[in-house]
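Input: a single structure, listed below in structure tokens.
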Amino acid sequence: QVQLVESGGGLVQAGGSLRLSCAASGRTFSSYAMGWFRQAPGKEREFVAAISWSGGSTYYAGSVKGRSTISRDNSKNTVYLQMNSLKPEDTAVYYCAGSRVRDPGPPGLSALYDYWGQGTQVTVSS
């Protein structure tokens with residue numbers, strides 16, 4: 001069993017930056033692909049970014065590509081999402097997820113992910 005705990009959310013002005021972190025428990029973190037998803041009020045959960053087990057492959061939704069970077073530190077059992085040039089439409093609860101599929105590839109199917117965190121709120125004011 002893997003437990004995931006997100007942190008780093010908050011209120012930021014448009015154009016600002018945030019770095020989300022997701023700390024994972026368990027000894028097998030390095031064998032999991034990791035992803036970030038988000039859900040805005042009244043909308044379906046959507047894929048944001050993913051990284052393969054080794055960190056060698058990364059994938060992004062078109063809405064965040066060029067503004068966000070996903071990375072991982074397997075020595076710290078942590079995955080990060082650096083978000084820059086934030087927009088009000090980035091406002092959502094952001095969820096970290098872990099997949100036993102080592103490289104989930106595009107298009108970021110949530111069904112591939114086995115473990116989910118509780119989420120962290122990101123609010124971008126205009």
Side-chain angles (χ1 to χ4, degrees):
Q1 187 74 8
V2 175
Q3 292 186 325
L4 305 173
V5 179
E6 303 95 335
S7 62
L11 174 63
V12 63
Q13 289 189 331
S17 298
L18 280 176
R19 188 176 82 154
L20 306 184
S21 299
C22 173
S25 65
R27 295 172 293 177
T28 56
F29 172 80
S30 61
S31 66
Y32 290 92
M34 299 297 295
W36 287 95
F37 290 76
R38 67 186 182 186
Q39 187 167 19
K43 294 188 176 181
E44 304 236 336
R45 183 171 57 190
E46 65 174 1
F47 169 74
V48 176
I51 187 167
S52 64
W53 68 282
S54 66
S57 297
T58 57
Y59 308 93
Y60 298 93
S63 58
V64 304
K65 194 169 187 178
R67 301 188 294 122
S68 297
T69 303
I70 188 170
S71 61
R72 66 190 297 160
D73 185 341
N74 287 343
S75 69
K76 295 182 178 179
N77 279 14
T78 302
V79 62
Y80 306 96
L81 182 68
Q82 176 70 43
M83 300 188 295
N84 302 320
S85 302
L86 283 162
K87 306 175 182 179
E89 51 263 44
D90 293 318
T91 295
V93 177
Y94 283 70
Y95 297 92
C96 172
S99 173
R100 287 175 287 186
V101 176
R102 292 198 166 197
D103 189 339
L109 297 174
S110 61
L112 292 178
Y113 293 82
D114 307 286
Y115 306 103
W116 294 83
Q118 294 299 306
T120 185
Q121 177 71 47
V122 171
T123 303
V124 184
S125 63
S126 57

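Rounding to the nearest 0.5 angstrom, the gap separating the CH2 atom in Trp116 from the SG atom in Cys22 is 11.0 Å.
Only one option out of Arg45, Gln121, Gln118, Glu6 pairs with Val93 in a side-chain contact (heavy atoms from CB on, under 4.5 Å); it is Gln121. Of the residues Leu20, Val122, Asp90, the one that meets the side-chain contact (heavy atoms from CB on, under 4.5 Å) test with Arg38 is Asp90.
Both the sub-6.0 Å distance and the 45° axial angle are satisfied by Arg72 relative to the ring of Phe29. Figure legend: Arg100 and Trp53 shown without cation-pi pairing, the cationic atom not lying both under 6.0 angstrom from the six-membered ring centre and within 45 degrees of its axis.
Here the closest heavy-atom approach between residue Gly98 and residue Leu4 is recorded as N-CD1, 3.6 Å. Residues Ser68 and Tyr60 share a closest heavy-atom pair of O-CE2, 3.3 Å. Nearest approach of Ser71 to Ile51, heavy atoms of both residues: CA-CD1, 3.7 Å. Minimum heavy-atom separation, Tyr59 to Gly105: CZ-CA, 3.3 Å. Heavy atoms only, all atoms of each residue included: Ala14 and Ser126 are closest at CB-CA, 4.3 Å. Pairing each heavy atom of Leu81 with each of Ala49, the nearest pair is CD1-CB, 4.1 Å.
Here Phe47 and Trp36 keep their ring centres 6.0 angstrom or further from each other.
Looking at Tyr80 and Ile70, their side chains never come closer than 4.5 Å, going by heavy atoms from C-beta outward.
At distances below 3.5 Å, not a single donor-acceptor pair connects side-chain atoms of Thr78 with backbone N or O atoms of Ala23. Thr91 places no side-chain N or O within 3.5 Å of a backbone atom of Thr123 that could act as its donor or acceptor partner. Side-chain atoms of Ser99 do not come within 3.5 Å of backbone N or O of Tyr113 as any donor-acceptor pair.
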Worked check of side-chain contact (heavy atoms from CB on, under 4.5 Å) between Tyr115 and Gln3: CA-CA 7 Å; Tyr115 306 103; Gln3 292 186 325; over 6 Å; no
Working for side-chain contact (heavy atoms from CB on, under 4.5 Å), residues Thr58 and Ser52: CA-CA 6 Å; Thr58 57; Ser52 64; over 6 Å; no
Test log, rule side-chain hydrogen bond (donor to acceptor under 3.5 Å, both in side chains), inputs Tyr32 and Asn74: CA-CA 10 Å; Tyr32 290 92; Asn74 287 343; over 6 Å; no
Residue pair Ser17, Asn84: steps toward the side-chain hydrogen bond (donor to acceptor under 3.5 Å, both in side chains) verdict: CA-CA 4 Å; Ser17 298; Asn84 302 320; 2.9 Å; yes
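Note on Phe37 and Leu112: same hydrophobic cluster, where clusters join Ile, Leu, Val, Met, Phe, Trp and Tyr whose side-chain heavy atoms are under 4.5 Å apart, directly or indirectly.
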